[in-house]
2 protein chains.
Amino acid sequence: MELSDRKKKILRAVIDNYIETAEPVGSKAIASGLGLSSATIRNEMAELKTMGYLEQPHTSAGRVPTPIGYRVYVNELMERHRMSVAETETINSGLRARMKQLDSLISDAGRLVSTLTSYPAYSMSSRSQKLTAKRFELVHVDDLTFIAVVILSDNTVKNRLIRLMSPLDENDLKRYSMLFNNSFTDKTEDMITPQLVMAAERVTGDENGVIMTVAGFLIEVLSDVQQTFVTGTSHLLSHPEFQDVDKARRVMNYLSDSGEMMKLPVPDQGKNVKITIGPENLAEELKDSSVVVAKYNVDENMQGLIGVVGPTRMDYSKVAAWLAYVANALGFMLSRNDTQFPGIGGRTDNDSIDNKED
Amino acid sequence: MELSDRKKKILRAVIDNYIETAEPVGSKAIASGLGLSSATIRNEMAELKTMGYLEQPHTSAGRVPTPIGYRVYVNELMERHRMSVAETETINSGLRARMKQLDSLISDAGRLVSTLTSYPAYSMSSRSQKLTAKRFELVHVDDLTFIAVVILSDNTVKNRLIRLMSPLDENDLKRYSMLFNNSFTDKTEDMITPQLVMAAERVTGDENGVIMTVAGFLIEVLSDVQQTFVTGTSHLLSHPEFQDVDKARRVMNYLSDSGEMMKLPVPDQGKNVKITIGPENLAEELKDSSVVVAKYNVDENMQGLIGVVGPTRMDYSKVAAWLAYVANALGFMLSRNDTQFPGIGGRTDNDSIDNKED
DNA sequence: TTTAGCACTCTCCTCTTCTGAGTGCCAACC
DNA sequence: GGTTGGCACTCAGAAGAGGAGAGTGCTAAA
């Protein structure tokens, strides 16, 4: 059951119009734009309705796209959004202004996307287990306290304040510091065995449990495989489809409850962007929202997602383009280990968008 | 115009009841509890109404407390909430579970409070200018890149990835590192003058701008006087007074827009907790919400606030007690520089609550 | 001073009516 | 045969009317 060219045009006009107005669109509204009479449009619309692409809130209302309609729109009908210079500049300046520490890059990017799109954004990164420590510093605070600073192989920095039972002077700390730099760097989480820790303890005659404690901290940060951030949930409230508080709350709670993040969509192999529409979402709470998510690759061992959640009536084209751009920039910054992002003027088209559902 | 004992009892009963049910309370509802007939209560209520402590949504509805009524309640009527063992244990375990790095202590505390109270929470800390650097580490990434790690006098750790124009080897980096540890530690922001930077540049013959860049980064973190975090705004939606999306959105936007934080209340000199009710709030957006905020002191040079925002119908007593407890713990952890919090079992009463409005 | 009683008020619910946007379908037209 | 104007029809939503019930204010009696 293939759509005629005219049907496609009409479907597209309906969706474009609906995205803009959030009101069911009547035949008159689009008749002028297509050079056809409203009666003709009505006939076509009726067929589109029986084919499942459009629906009516009630008999004598205008038409509203169904998720299937959106799907077709996203897959073949919508104009690829070509980003304007102003848009890229907005994003670039946002990136420059916010991205300061690698550690917070991922959450900052989410914040930026949420501000730009006016939808809630989520961002997460995950890595296969291969993170290692690259450098340790143990910084003296007082004789019972020091800070363990560890610089990881991805150039993020973690620290923990550690208190001891019995005192330790700065020289002791230097010794431990050297020990860690010698024995615990370049080791993945599973290489930090009790044997290794015990061996180190034997060498230093550690009575304070310093090694145990720091090693514990190290294992903790190395195994921290995944980070998730959600921002801007309150943006939902400004969209007419979330005027129902209960509906809004369900989605917002779902997003805040980051344990549930697992059910959010992920672009398929070889694709960078995925759009899931309404019931295509696995999570019950998102069955009448849409998700647009972009993937960024840092290296073979780390990748991440950045996405937004919004009503099914979403400007898919623009959101997808923006997300792809930000994801690209993020991958660039993370793999170069560089928070300076010069802008990637040339590549503003989003050719690799994966907008097929499966 | 002093309230009779009986009027106080009635006012208290009305407010207690209203806090619980969120419905206007009628005379019958509280008559039984006070051993008086509903008619008597009605007469008293009518007077409380003319006195401004109660109001009616409409002529034949029950009574609802006015902000002035809440004020009296908070100042003299409400029972001081004595925290149960279970409650302190809930908080303590929350503290233990989340508070891991000093850097994130403040935001983590906000998150905890929001979860505990089911209200949006905000937390902020500010210090007078006296922060200094305590230790520098410049960590080699590649010849064009290094990470500047600086440990500050409050034992938080900041880092920044820095790229250079021309290469620098590990030995150079060590030299710079020493230089910074010699010349830039224990200096407040205003002591880092262009002269100082230039002098340092002269010593090392720095052509890479390393000193300039790191000094800039240092000034940036030292002058980062204030941090603000808001979490859990979506909790608002579960309260009946925020079923109106517009109302909820106004408050949520206000809170997300952290630039506006300045208008949030602060406990008065010598007091630890402040409660502002409805129109007592300076911010227009909060004129019909209430804020409970607790102060914590770390040392003479740093203090912070942690507070929640909710409907005027709030369980002031409980919220104030919890906030005071968390603030206390936070001050304790920050001044001992210790993220281990053993629990402060003894001091569970909140004697120093400042519930007077001015 | 307290209480019982009663008329009264006002919200909320339901039911009805009305209006207008938009449809579906038919007959005429190109 | 596809396209169009015309017209009867439908239905949501607004506006209005009536009824029920909760709770009041006031008065008169205890």
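Letters A, B, ... mirror the listed sequences (proteins, then strands); counts begin at 1. Note that these values count all heavy atoms, side chains included, but never hydrogens, waters or copies made by symmetry.
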Base, sugar-phosphate, or nothing for A/Ala39, non-hydrogen atoms under 4.0 angstrom?
-> base
Closest nucleotide among D/dT4, D/dG25, C/dT3 to the B/Gln56 side chain = D/dG25
Here the distance between atom P of D/dC26 and atom CE of B/Met45, to the nearest Å, is 15 Å
To the nearest Å, how far apart are B/Asn43 CG and D/dT24 P?
-> 11 Å
Which class fits the ring pair A/Tyr18 and A/Tyr70: parallel under 30°, tilted 30 to 60°, perpendicular over 60°?
-> tilted
Pair B/Asp268 + B/Lys271, salt bridge at N-O below 4.0 Å = no
Within the modelled atom types, does a donor on one side and an acceptor on the other bring the side chain of A/Arg42 and the base of D/dG6 under 3.5 Å apart?
-> yes
What does B/Ser38 touch in the nucleic acid at a heavy-atom separation under 4.0 angstrom: a base, only the sugar-phosphate, or nothing?
-> nothing
Distance in angstrom units between B/Arg63 CZ and D/dA22 P, rounded = 17 Å
D/dT10 phosphate, OP1 or OP2: any side-chain N/O from A/Thr59 under 4.0 angstrom?
-> no
Respond yes when some side-chain nitrogen or oxygen of A/Ser27 is under 4.0 Å from OP1 or OP2 of C/dG22, and no when none is.
-> no
5'-most by nearest nucleotide on DNA chain C - B/His58 or B/Ser37 | B/Ser37
Whole angstrom is fine here: how far is it from CD in B/Glu47 over to P in C/dT2?
-> 11 Å
Flag yes if more than 12 heavy atoms outside A/Lys287 fall under 6.0 Å of its NZ atom; otherwise flag no.
-> yes
A/Glu285 with A/Arg250: basic N within carboxylate O range, under 4.0 Å = no
In whole angstrom, give the distance that lies between atom CG of B/Leu54 and atom P of D/dG23.
-> 15 Å
Look at the side chain of B/Ser60 and the base of C/dT9, then say whether one donor and one acceptor between them are separated by less than 3.5 Å.
-> yes
Please state how far atom CG in A/Leu48 lies from atom C1' in C/dG22, giving the value in whole angstrom units.
-> 17 Å
Please say whether more than 12 non-hydrogen atoms of neighbouring residues, nucleotides or ligands are located less than 6.0 Å from NZ in A/Lys9.
-> no
Distance, rounded to the nearest Å, where B/Leu36 contributes CG and D/dA30 contributes P | 21 Å
To the nearest Å, give me how far apart CZ (B/Arg6) and P (C/dT1) are.
-> 9 Å
